[in-house]
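Below is one structure, written out as C-alpha cells, with a few remarks after it.
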Amino acid sequence: MKTATFKIWRGDAKGGEFHDYTTEISEGMVVLDAVNHIQATQANDLACRWNCKAGKCGSCSAEVNGMPKLMCMTRMSELPLDRPITVEPMKAFPVLRDLITDVSWNFRVKKKIKKFKPRPPDAPDGTWRMQQEDIDRVQEFRKCIECFLCQDVCHVLRDHQMHEQFIGPRFLIHVAALEMHPLDTENRIDELRNTQGIGYCNITKCCTKVCPESIEITDNGIIPLKERVVDEFYDPFGWIWRTLKRLSDKGLK
Amino acid sequence: MPDYETFERDVLVIGAGGAGLRAAIEASAAGVSVGLVCKSLLGKAHTVMAEGGIAAALANVDERDNWKVHFSDTMRGGQYVNNWRMAELHAREAPDRVRELEAWGAVFDRTKDGRILQRNFGGHKYARLAHVGDRTGLEMIRTLQDHGIHQGIDVYMEHTILSLLKDGDRVVGAFGYERERGRFKIFRAKAIVLATGGIGRAYKITSNSWEYTGDGHSLAYDAGAELIDMEFVQFHPTGMVWPPSVSGILVTEGVRGDGGILTNKEGRRFMFDDIPASYKAQTADNEEEGWRYCQGDKNARRPPELLTRDHVSRCIVREIKEGRGSPHGGVFLDISWIKQKLPNSAEYIKRKLPSMYHQFKQLADIDITEQAMEVGPTTHYIMGGVRVDPDTQMSRLPGLFAAGECAAGINGANRLGGNSLSDLLVFGKRAGEFAAKFAKENSLGEVDNDKIETTAREALAAFERAGNENPYQVQHDLQEIMQHSVGIVRNENEMKPVLDRLKEFRDRANGVRVIGNREFNPGWHTALDLKNLLTVSEAIACAALERKESRGAQFREDYPNKDEALGKVNTIVSKAADGSMQVRLEPIQEMPDNLKQVIEENR
C-alpha cells in the first residue's frame with residue numbers, strides 16, 4: 001500500500017509549527033480521511049472541524065499545499081505523493097488550535113445584513129408565484145455552504161485584514177441572493193457602499209476560483225451589485241427618476 | 001464547587017438542526033428568552049445533508065393529494081405502530097410549515113404555473129416533496145438560520161451538553177462544556193427542548209457525521225424519560241459503497257424518484273421480484289408503467305424502486321448475499337439509462353440531481369449521466385427516541401421537551417423519505433411553542449450541585465488515568481459489533497451476547513485515556529461521547545430482542561413474519577431505580593374512528 005507524508009500545522013494563537021505524520025493511502029481516499037486517520041491513531045488531540053464528509057456542510061476548510069480547499073473533497077490522487085503534503089489552517093481568521101480558526105466574525109457580519117422582507121402574497125391563500133427562470137440565479141447563490149474559503153482567499157481580508165470595513169465575497173453573495181430574490185422588497189444598496197465596503201473588491205476573482213460549489217461569485221454576484229451601487233449613487237437621471245417615483249408612490253397612498 | 005459560568009434563559013434548545021432552529025424561532029416569537037446550544041458551528045447540523053425534499057400535501061403537482069392521503073401513507077409506511085396523533089398533526093400541518101419557509105426566504109423549485117414544485121418519493125402516493133434540486137436540507141437550514149439570527153436567539157456554538165439538571169422531577173437546566181477552551185458551563189432554564197438528532201455513529205457504515213452519538217436520547221434516558229421504538233433503525237437503501245473512504249455517504253432517494261432503477265450484476269431489475277401485499281395495488285407491474293409514473297403520468301403506478309426504505313434495503317441485502325451484487329459489494333443504481341427515453345438526459349440529470357452528479361464525479365470518478373452507481377444500505381436514521389406527548393412534545397419529565405429525530409412516534413417502524421424534514425418543522429414548532437408556554441407558567445428551579453460535580457469529575461477523569469485505551473478505538477470496535485450483530489438482519493443468537501459485550505465496552509470506556517489538554521481536544525470529545533453511544537446501543541439491542549417479529553426496519557431471521565399482537569404495542573425503554581435498563585411492551589392507544597376511516601378510504 002502507498003504511503004504519504006503530511007506536514008500538519010499544530011499550535012494555537014501563541015504560535016506553532018508543522019509536525020510530520022506518515023499514513024497509508026487507500027483507493028479513493030481524501031485528505032480528510034488521512035487527517036482523521038492520523039487523529040485516531042497517532043494524534044488523538046489533533047483539532048479539526050468536519051461534519052458531512054461530502055462537500056455539503058462546509059466545515060473542513062483548510063489550506064492543502066497552500067490552496068484553500070475542503071479537505072473532504074480533495075482526493076489524495078490529485079496530490080503529488082513524492083513530497084510531503086502540507087495542511088494548515090485558513091489564514092484570514094485567527095487560529096484557535098491546529099486546523100481550527102475562529103470564524104465567528106462571519107456570523108457577526110451576517111447578523112448585520114438586513115433580513116429578507118417579502119412583498120405581500122400574490123394569492124389569497126398566502127402564497128407567491130415565481131417562475132423558475134426568475135429564481136435560477138438566486139438558487140445559484142443559495143448553494144453556498146458557508147465554508148468561508150472565498151473569505152480566506154480574498155486579499156482584502158487575508159492580506160489587508162480589513163474585516164471591519166469589508167464583508168467579503170461570502171456576504172456579498174448573501175446580499176446578492178437577497179437583492180435578486182424576486183419577492184424581496186428591502187434595499188441594501190446604501191450599506192453595500194458605505195459600511196460593507198463593496199468598493200474594496202477589485203474583481204480579481206480568486207473567490208470564484210476556490211468556491212467548492214462553483215458559484216460565479218464575481219461575475220454573477222459582485223459585479224451586478226457594483227452596477228446597482230453605481231446606478232443608485234452616480235447616475236443623476238436615475239436618482240431624479242427614483243425620487244419622483246418615491247414621492248408619487250407616497251402621494252398615492 | 002468551582003465557579004462555573006452560568007447562563008439563564010427561559011427556554012434552552014439543545015441542537016441546532018431543523019428541529020432545534022424551528023423550536024428556537026417559535027419560542028422566541030412567543031416572547032421568551034431563548035438559548036440555542038449546538039455541538040458544531042451554526043448551519044452545519046445533519047439537516048444540511050438531507051437531499052430529497054420536505055413531504056407536505058400541498059397538492060401543487062397532483063390535486064388529488066391532501067392530508068388524509070399523507071397520513072395514510074405515513075401510517076402504512078410505519079406499519080401502524082406509529083403514534084397516530086403525531087402522524088395526523090404532521091400531515092395536517094406540514095403544508096403550512098413549508099409555506100412559512102417561503103415567507104422566510106426559501107427558494108424552492110417551481111411548477112410551470114409558478115408554485116412550489118413537488119417530486120415523487122418512496123412510499124408517497126403522489127408527488128409530494130417540496131425541494132430544491134437535491135440540496136433541500138441546505139435550503140431549509142439556511143432559511144431557518146438566517147431567519148433565527150434576527151430574532152435575538154443566543155447561540156452557543158461548539159458547546160456539548162453532558163447532563164440534564166433536575167429539581168425534583170422537573171428538568172431545570174443543563175451542564176456542559178465549550179469546545180474551544182474546554183470550560184464547563186451551567187445553563188439554567190425554565191424549559192428545555194432536546195433536538196439532538198440521531199445515533200448513526202453507533203454503526204460502522206453510516207451517513208451520519210461524528211455528532212450523532214445519541215446525546216438527546218441518552219440525556220433524556222438518564223434523567224428519567226422513556227425511550228420508545230428503539231429497535232427501529234433505518235438503513236437507507238442507497239449509500240455509496242466505493243471507494244472505501246466514502247462508504248456510507250448518502251445517495252438521495254430522489255435518484256429513484258426521477259427514474260433511477262436498481263439492478264443486480266445480471267442486469268435484472270430485482271425490485272419487481274418481491275412486492276409486499278400491502279403495496280401491490282399501488283405499485284407498477286412493468287417497467288414501462290414505472291417510467292410513466294416518474295414522468296408525471298397520473299394514471300401510472302409507482303415503480304417498485306420507490307417502495308419503502310426498509311423493504312428496498314432488505315431486497316438489496318438479499319441480492320448481495322445470494323451473489324448477485326456489484327463488484328464492490330453493493331448493487332447498481334442507474335439513472336443514465338433514461339437516455340433511451342429523453343434526448344437531453346444528461347442535462348436533465350444534472351439539473352435534477354446536481355449534488356449527486358458532483359459527489360460521484362469528484363469522489364468516485366463516476367459520471368452518473370453515463371454510468372451506473374454502486375450502492376448499498378447505510379445507517380441513516382432512528383425512528384425510536386424520547387417518548388413525548390403528541391401535541392406538546394413534552395416528555396414525562398416536566399419541562400423536558402423533544403423534537404425531531406431524537407423524539408419518537410410519528411414514524412413507527414419505518415420512516416418515509418421526506419417525512420423527516422417535515423417532522424422537524426411541524427414538531428420543532430410545537431416543541432418551541434409549548435416550551436415557551438411552560439416557561440411562562442414556571443420559574444427557574446434550583447440546579448443540583450452534586451450532579452454538576454459528579455458530571456465534571458467524570459468528564460475530567462480521562463485526563464488522569466493510567467490506562468492506555470484509545471477512545472477512537474473503543475468507538476470503532478463498538479461500531480463493528482453493532483453493525484454486525486444489531487444491523488439490518490438480526491437474530492437472538494447474535495444479539496444476546498451483545499448485551500454482555502456492552503458491559504465490557506463500559507469498562508473499556510471507563511479506562512479510556514485522553515492525551516493533550518482541554519482546549520479543542522477531539523480525543524476528549526470522542527471519549528465523552530462514548531457513554532451516550534453505549535446507552536443507545538444497549539437500548540437498540542434490548543428493544544430489538546423484545547420485539548420477536550419482523551416489522552418495518554426490524555428484520556428478525558428467527559421471527560421472519562409479522563406478529564399481529566406485536567403490531568399493537570410499542571417497546572418502552574427506561575432506567576430502573578437500580579440504574580439498570582428496563583424494556584417493556586405497552587399497548588398502542590386505540591385509533592379514533594375518524595382516522596380509521598381515513599385509512600380505510602386510502603387502502
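Convention: sequence-line order gives letters A, B, ...; per-chain numbering from 1. These numbers were taken from a predicted model, which means no experiment stands behind them. As a basis for the values below, the full set of heavy atoms in this structure was taken, side chains included, without hydrogen atoms, waters or symmetry mates.
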(message) Does any backbone or side-chain atom of A:P120 lie under 4.5 Å from a heavy atom of chain B? Answer side chain, backbone, both or neither.
(response) neither

(message) Checking side-chain polar atoms at under 3.5 Å, does A:Y21 have a donor or acceptor matched by the opposite partner on A:R10?
(response) yes

(request) May I ask you to decide whether B:R183 forms a salt bridge with B:E180, counting only side-chain N to carboxylate O separations under 4.0 Å? (result) no

(message) Assess, by modelled atom type and distance only, whether the side chains of B:Q359 and A:K56 contain a donor and an acceptor separated by less than 3.5 Å.
(response) yes

(request) For chain B, find which of A:K53, A:E146, A:E78 contributes the most heavy-atom pairs closer than 4.5 angstrom. (result) A:E146

(request) With a 4.5 angstrom heavy-atom cut-off, could you sort out which part of B:L363 is near chain A: side chain, backbone, both or neither? (result) both

(message) As an exercise: rank A:L178, A:D134, A:D125, A:N44 by heavy-atom pairs under 4.5 Å with chain B and give me the winner.
(response) A:N44

(request) Name the member of B:G105, B:A45, B:G523 that forms the most heavy-atom pairs with chain A at distances under 4.5 Å. (result) B:G105

(message) Within this structure, what is the CG-CD distance for the pair A:D20 and A:Q42, rounded to the nearest 0.5 Å?
(response) 10.5 Å

(message) Which atoms of B:I515 are under 4.5 Å from chain A, going by heavy atoms: the side chain, the backbone, both sets, or neither?
(response) both

(message) Between B:E178 and B:K39 (salt bridge meaning N to carboxylate O under 4.0 Å), is one present in this structure?
(response) no

(message) Just so I understand: if I count every heavy-atom pair under 4.5 Å between each of A:L32, A:I100, A:V138 and chain B, which residue has the most?
(response) A:I100

(request) Under 4.5 Å, counting heavy-atom pairs only, tell me which of A:R129, A:E213, A:H181 racks up the most with chain B. (result) A:R129

(message) Report which part of B:A364 has an atom under 4.5 Å of a heavy atom belonging to chain A: side chain, backbone, both, or neither.
(response) backbone

(request) Report the option among B:V132, B:D365, B:I116 that has the most heavy-atom pairs separated by less than 4.5 Å from atoms of chain A. (result) B:D365

(request) Anything under 30° is parallel, anything over 60° is perpendicular, the rest tilted; go ahead and classify A:H163 against A:W105. (result) perpendicular

(message) Is it true that B:Q145 and B:R142 share a donor-acceptor pair across their side chains at a distance under 3.5 Å?
(response) yes

(message) Working to the nearest 0.5 angstrom, can you tell me the gap between A:F171 CZ and A:K110 NZ?
(response) 6.0 Å

(request) Indicate whether the side chain of A:N51 and that of B:E211 have a donor and an acceptor atom separated by less than 3.5 Å. (result) yes

(request) Against chain B, work out which of A:M130, A:M29, A:H174 has the most heavy-atom pairs shorter than 4.5 Å and name it. (result) A:M130

(request) Pick whichever of B:G137, B:A103, B:S355, B:G248 has the most heavy-atom pairs under 4.5 Å with chain A. (result) B:A103

(request) Check each atom of B:W242 against the heavy atoms of chain A and say whether the ones under 4.5 Å are side chain, backbone, both or neither. (result) side chain

(request) Look at B:H525, B:H147, B:K112, B:M157 and state which one has the largest set of heavy-atom pairs under 4.5 Å with chain A. (result) B:M157

(message) Closer than 4.0 angstrom, basic N to acidic O: yes or no for A:D122 and B:R115?
(response) no

(message) At a 4.5 Å cut-off on heavy atoms, which part of A:D33 comes close to chain B: side chain, backbone, both, or neither?
(response) side chain

(request) Name the region of A:K143, side chain, backbone, both or neither, that has any atom closer than 4.5 Å to a heavy atom of chain B. (result) both

(message) So for B:E139, is it side chain, backbone, both, or neither that comes closer than 4.5 Å to the heavy atoms of chain A?
(response) both

(request) Check each atom of B:Y212 against the heavy atoms of chain A and say whether the ones under 4.5 Å are side chain, backbone, both or neither. (result) neither

(message) Just by distance, no angles: are the side chains of B:D109 and A:Q139 close enough, under 3.5 Å, to form a donor-acceptor pair?
(response) yes

(message) Quick check for you: among B:N517, B:V155, B:T526, which has the greatest number of heavy-atom pairs under 4.5 Å with chain A?
(response) B:N517

(message) Heavy-atom pairs under 4.5 Å with chain A: which of B:Q362, B:R179, B:R135, B:H46 has the most?
(response) B:R135

(message) I need the residue from A:K117, A:Q131, A:R49 with the largest number of non-hydrogen atom pairs under 4.5 Å to chain B.
(response) A:R49

(request) Could you tell me whether the side chains of B:S207 and B:H380 share a donor-acceptor contact shorter than 3.5 Å? (result) yes

(request) May I ask you to check whether A:R142 and B:T143 show a side-chain donor-acceptor distance below 3.5 Å? (result) yes

(request) Tell me, for B:E51 versus chain A, whether the close heavy atoms (under 4.5 Å) come from the side chain, the backbone, both or neither. (result) side chain

(request) Select one option (side chain, backbone, both, neither) describing which atoms of A:R97 are under 4.5 Å from chain B's heavy atoms. (result) side chain

(request) Check whether any side-chain heavy atom of A:K7 sits under 4.5 Å from a side-chain heavy atom of A:V87, and report yes or no. (result) no

